[in-house]
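Below is one structure, written out as structure tokens, with a few remarks after it.
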Amino acid sequence: MNLVALAQLILLVLRNLNLKPRKHRPEEIAFALAAYVMGVQVTKLKIPPSTLYYYIKKLGIKRRKDARPRCPSCNSDRVVRNGSSRGKSKYRCKVCGRTFYGTASHRMSREQRERILKEYTNRMSLRGISKVEGRPLTTVYSLVKRAGLKAYVNLLILQAQLKAFRAKFAVLDESWTYVHVRRGPRRQNLWIWNALVDGVPFFVTGDRDYNTFRFLWSSLPKCEVHYTDAYSIYQVLDHHVVGKKYTHTAESYNSFCRSHLARLARDTKAVNRSRGMTDYSLALLNVMNPHVFSDEETPLNLAYLRGVQHIREHLI
Ligand SMILES: [Zn+2]
């Protein structure tokens, strides 16, 4: 109903009730009442509020209340309109004093955050998740990065604790991927060095040189035997057995990573844009799928599984 039609209707009712305003013309009052019902603020009308409220009571009309959002901080419903900005209404909570926008926030439910991390560690690209979940790419990205960083840091702490163990065997291998840089050379090679110590995955990213290898080596617990391929850097290892025959577990770990992270898969448009994010993604994958690549149970891999389960439970 538009304002004029409503004002005419109210005027009709005023006359029928035989109300005769003294100071104001009935048309003015009818118009002000109509505007008030439509949601105009009382102070913006030409009629004094007391007069207005008198007629509202007489007519028994109610202003339609628009649904008000609850306060995001304290979930109270005692909120009042508090101006607007960029076309969006702002509200203020009368309990805690927080000011907020009435529009739906980008904050995701716990279930959705869980689901996004599962999708990410099952080969969906960030862009794909953003489309399926209906969330902005930046929101999805920051969620994955935050969870990945947390997983990475906690894994480093766990690995430091695992150094005290003595392992039976380690399988070392390196796999290639690249970082797609926006400026400069389009591709930068990135090598993911990984080691399975009693089936427990350790990884380091970087160049294919001794420094990166040494970084990985220093993080491993002491092992009785090392199995590697014939790559020359591995010559420094003690108790060292060369042969493709033994490295198949590490290679299966490589393909596990490739098949679970879109950024490592071949022939896709999803690429690594930074080394940090590659580290975080690998850590996230290890935490989201706590798994040991060995049939044999040893003190080391049991401790690892316990630690990773703990990180997994406190990730979100
Ligand atoms: Zn509040």
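As the structure lists them, so they are numbered: ligands from 1, and atoms in each ligand from 1. Model, not experiment: these values are computed from the prediction.
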Task: Lys/Arg-Asp/Glu bridge criterion (N-O < 4.0 Å) met for E28, K46 - done: no
Open item on the list: Using the rule ring-ring contact (aromatic ring centres under 6.0 Å, His included), only one of Y253, F202, Y304 pairs with F293; which is it?
Closed with: Y253
Task: Y231 six-ring centre to R208 NZ/CZ under 6.0 Å and within 45° of normal - done: yes
Task: Closest contact, heavy atoms only, L45 versus A35 - done: CD2-CB, 3.7 Å
TODO: Treating Ile, Leu, Val, Met, Phe, Trp and Tyr as nodes and any side-chain heavy-atom pair under 4.5 angstrom as an edge, say whether L264 and Y178 lie in one connected cluster.
DONE: yes
TODO: Go through the steps for E27 and R25 under the test salt bridge (Lys or Arg N to Asp or Glu O under 4.0 Å), then give the verdict.
DONE: CA-CA 5 Å; E27 290 82 6; R25 290 194 298 124; 3.5 Å; yes
Task: Tally, protein N/O/S atoms nearer to the Zn ion (ligand 1) than 2.8 Å - done: 4
